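Remember, predicted model here, so these are calculated numbers, not experimental data. The sequence lines fix the lettering, A, B, ..., with proteins before strands; numbering per chain opens at 1.
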There are 2 protein chains.
Amino acid sequence: MDTKEKLLASAEASARAHGYDGFSYADLAADVGIRKASIHHHFPKKRDLALALIERYAAAIAVELDAIADRVTRASDQLRAYIAMYRGALSGGSTLCLCVAFSLSRESVADDVAAAIDRFRDRSVAWLVEVFERGKLDGSIHDVQAPADEAITCLALVEGAQLAARAALSPDRFDSALVLMAKRLA
Amino acid sequence: MDTKEKLLASAEASARAHGYDGFSYADLAADVGIRKASIHHHFPKKRDLALALIERYAAAIAVELDAIADRVTRASDQLRAYIAMYRGALSGGSTLCLCVAFSLSRESVADDVAAAIDRFRDRSVAWLVEVFERGKLDGSIHDVQAPADEAITCLALVEGAQLAARAALSPDRFDSALVLMAKRLA
DNA sequence: TGTGACCTGTCTACTAGTAGGTAGGTTGGC
DNA sequence: GCCAACCTACCTACTAGTAGACAGGTCACA
């Protein structure tokens, strides 16, 4: 793992725990083991780091979504895996998914970073629309309304559930908020 | 409006737009028209201000929830009013409800502030449980499952919807995320 | 009716610490 | 020779918070 990758990994962990404003070049430097000024060699401005972060994150999720589609075929299983992915991102209630963390810091992040977050959200919704469409056809998800509405609702729900879990520092809250959704999955 | 009240109002606006870490005594001083040091006379530490803020907020919402219960009697109408309240807090997508804003800054806020947020959430859920119970009985809310699950899901949904609206700086996202819920209301 | 003690609210001027960022120099490998 | 990667040393701007002074009002007591 080269320095750049180490920086990204450290920054992602901090950003998910403290938000965009909650980590500093000084923190990263201490964590990675180089001097603060050296980070500017890899990421001249903080927004460069943030952009790399969100793009790396989006790419990782895209890979994960593909993996889910490969691993299981039923729509209900895919949605279950999607929810488990968000659940896993909590790590005990202390971290959020990067998209949620950056959305909260909306005013601090640069426009291109915000645009990258929007694109990520759109892709997530598109993936979910497909899942709900198939769930409606194969009957593995109960009571499916318009897939487009279901997808947007589902994304808001998992993100809201992350928030609730974080506020209480307990992943149980995430599960509670998703009980009803889980019951719809055959 | 005395100075203390002006400070709270200004701080609330900033906190909802920028989060707990996103406003400073300097900002407040400029906004209210007194010197930075004078704020410390009213709120010695920032956590004192934060605590006053969340308690003022919780009290205001409690009043609003009572007003809703007085104004309309059908469970569906009450839930509609509840959702409208969260929708209204967006003010064009630039602000969040204080509870969401502070939840994101969880690591920065003091323990007593976090505890106050927890209490606020519990009270919101309790209010919603009652609404779903009555909605199940009078049939004004369709397909009501266990009211406790419905309430927690509903809170996560409106908070997640706020987040989505904020990320896109557009309140339309809030409405989209709540289309399915709205359709359940008679 | 003074007068001294005290309180509230505000001020100027300051502290120590941290933020992101920069200038310019030193390595070491291709 | 060149360049990526790193360094030391610094900058400006900002953070919460403190010290101490100064008004103006209130209140008790002689």
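- There is a side-chain donor-acceptor pair under 3.5 Å between B/R121 and B/S103.
- The phosphate of D/dA5 (OP1 or OP2) has no side-chain N or O of A/S38 nearer than 4.0 angstrom.
- We find the CG-CZ distance between A/L98 and A/F120 to be 8.5 Å, quoted to the nearest 0.5 Å.
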Practice item. Check the pair A/R80, A/D77 against salt bridge (Lys or Arg N to Asp or Glu O under 4.0 Å), reporting the backbone distance first and the verdict last. Key: CA-CA 5 Å; A/R80 237 189 296 270; A/D77 289 332; 3.3 Å; yes

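- Separating the NZ atom of B/K4 from the C1' atom of C/dT8 is a distance of 11 Å, rounded to the nearest angstrom.
- When distances are taken from the side chain of A/A37 to each of C/dT8, D/dA4, D/dA9, the shortest belongs to D/dA9.
- A heavy atom lying under 4.0 Å from DNA chain D marks none of the residues of residues 18-29 of chain A.
- C/dT8 atom P lies 23 Å from atom CZ of B/R35, rounded to whole Å.
- The CD1-C1' distance, from B/I39 to D/dT15, rounds to 13 Å in whole Å.
- Checking the phosphate oxygens (OP1, OP2) of D/dC6, no side-chain nitrogen or oxygen of A/H41 falls inside 4.0 Å.
- Taking atom CG of A/L7 as the reference point, atom C1' of D/dC6 lies 12 Å away to the nearest angstrom.
- If you measure from atom NE2 of A/H40 to atom C1' of D/dC11, you get 12 Å, rounded to the nearest angstrom.
- If you chain together hydrophobic residues whose side chains sit under 4.5 Å apart, A/V100 and B/L90 never meet in one group.
- At D/dT18, one or more side-chain N or O atoms of B/K45 fall inside 4.0 Å of OP1 or OP2 (strictly under the cut-off).
- Listed pair B/T3 / C/dG9 fails the phosphate criterion, with no side-chain N or O lying under 4.0 Å from OP1 or OP2.
- Contact of the A/I117 side chain with the A/R106 side chain is not registered, since no non-hydrogen atoms from C-beta on lie closer than 4.5 Å.
- Judged by distance alone, with hydrogens and angles left aside, A/K36 brings a side-chain donor or acceptor within reach of the base of C/dG20, the pair sitting under 3.5 Å.
- In this structure, B/K46 places its NZ atom 17 Å from C1' of D/dT18, rounding to the nearest Å.
- Rounded to whole angstrom, the span from the NE2 atom of B/H42 across to the C1' atom of C/dT8 amounts to 9 Å.
- In this structure the side chain of B/K46 reaches within 4.5 angstrom of the side chain of B/F23, judged on heavy atoms.
- In this structure, B/R184 and B/V144 have side chains that are in contact, with non-hydrogen atoms separated by less than 4.5 Å.
- The nearest whole Å value for the distance from the CZ atom in B/F43 to the P atom in C/dG9 is 11 Å.
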